[in-house]
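Here the structure comes first, spelled out in structure tokens, and everything after it is commentary.
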Amino acid sequence: SYTGTFNRSERLSVSYLPQEPPWQRGWLGEHLRAAGLEEGPFRQALAALGMRGADAERPLETLSFGQRKKIALARSLLEPSSLLLWDEPLNYLDIDAREALETLISTAQPTMILIEHDAAFVDAVATATVTLVPQAPARS
């Protein structure tokens, strides 16, 4: 087990993308209003990720995990932040959405930290990598 402390400046705003999409139920429009996000740019981001506009009109619980992940990615990309912190962004995405996400990241060039096991994706979007390797426990 690892423990530690992480300190950050109060001026640093972080957009966190968990492995599981946070918006699982309800209506997209309601979530966007509550988050203070504009629907037009949000729908453009969804379209860039390959999600049709009609799908965004359905209750979130009727969408696939991949569609919900695209919504979570669009939210993170569009919410005002100085750092994107993404945990397994490719979960539930098909190859077309993965390629679209590579393009979006390459175009926007956000400051981000991501945790991802897909080496090809990391090579395509990362400017630097850190590999964490667990150490064997010390023997006493």
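As the structure is a prediction and not an experimental result, all values here were calculated from the model.
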Are [Y] and [X] co-members of a hydrophobic cluster defined by side-chain heavy atoms under 4.5 Å apart?
X: Tyr92; Y: Leu101; result: no
X: Leu73; Y: Met51; result: no
X: Val125; Y: Val122; result: yes
X: Leu32; Y: Leu60; result: yes
X: Leu84; Y: Leu90; result: yes

How many angstroms lie between [atom1] in [X] and [atom2] in [Y], if you round to the nearest 0.5 Å?
X: Glu20; Y: Asp87; atom1: CD; atom2: CG; result: 9.5 Å
X: Asp55; Y: Leu46; atom1: CG; atom2: CG; result: 9.5 Å
X: Leu77; Y: Leu17; atom1: CG; atom2: CG; result: 8.5 Å
X: Arg58; Y: Leu63; atom1: CZ; atom2: CG; result: 5.0 Å

Sidechain-backbone polar pair: [X] side chain, [Y] backbone, donor-acceptor under 3.5 Å:
X: Glu116; Y: Asp118; answer: yes
X: Glu57; Y: Ala54; answer: no
X: Thr62; Y: Pro59; answer: yes
X: His31; Y: Arg25; answer: yes
X: Glu61; Y: Gly26; answer: yes

Of all the heavy-atom pairs spanning [X] and [Y], show the shortest one and how long it is.
X: Ala56; Y: Arg43; answer: CB-NH1, 3.7 Å
X: Met112; Y: Leu114; answer: CE-CD2, 3.8 Å
X: Leu12; Y: Ser82; answer: CD1-OG, 3.1 Å
X: Lys69; Y: Pro18; answer: NZ-O, 3.5 Å
X: Phe65; Y: Gln24; answer: CE2-OE1, 4.2 Å
X: Phe42; Y: Ile71; answer: CZ-O, 3.4 Å

Hey, are the side chains of [X] and [Y] touching, using non-hydrogen atoms and a 4.5 Å cut-off?
X: Pro22; Y: Arg68; answer: no
X: Ser76; Y: Tyr16; answer: no
X: Trp86; Y: Ile113; answer: no
X: Phe121; Y: Ile105; answer: yes

ask   = What pairs with Arg11 under salt bridge (charged side-chain N to carboxylate O under 4.0 Å, His left out), at least two apart in sequence or on another chain?
value =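 Applying salt bridge (charged side-chain N to carboxylate O under 4.0 Å, His left out) to Arg11 gives none.
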request  = Could you tell me whether the side chains of Ser81 and Ser13 share a donor-acceptor contact shorter than 3.5 Å?
outcome  =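 The criterion, which ignores hydrogens and geometry beyond distance, is not satisfied for Ser13 and Ser81.
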key: Cationic N near anionic O, under 4.0 Å, Glu102 to Arg98   = no
query = For atom CD of Glu38, is the number of surrounding heavy atoms from other residues, nucleotides or ligands below 6.0 Å larger than 12?
reply =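 12 or below, so no.
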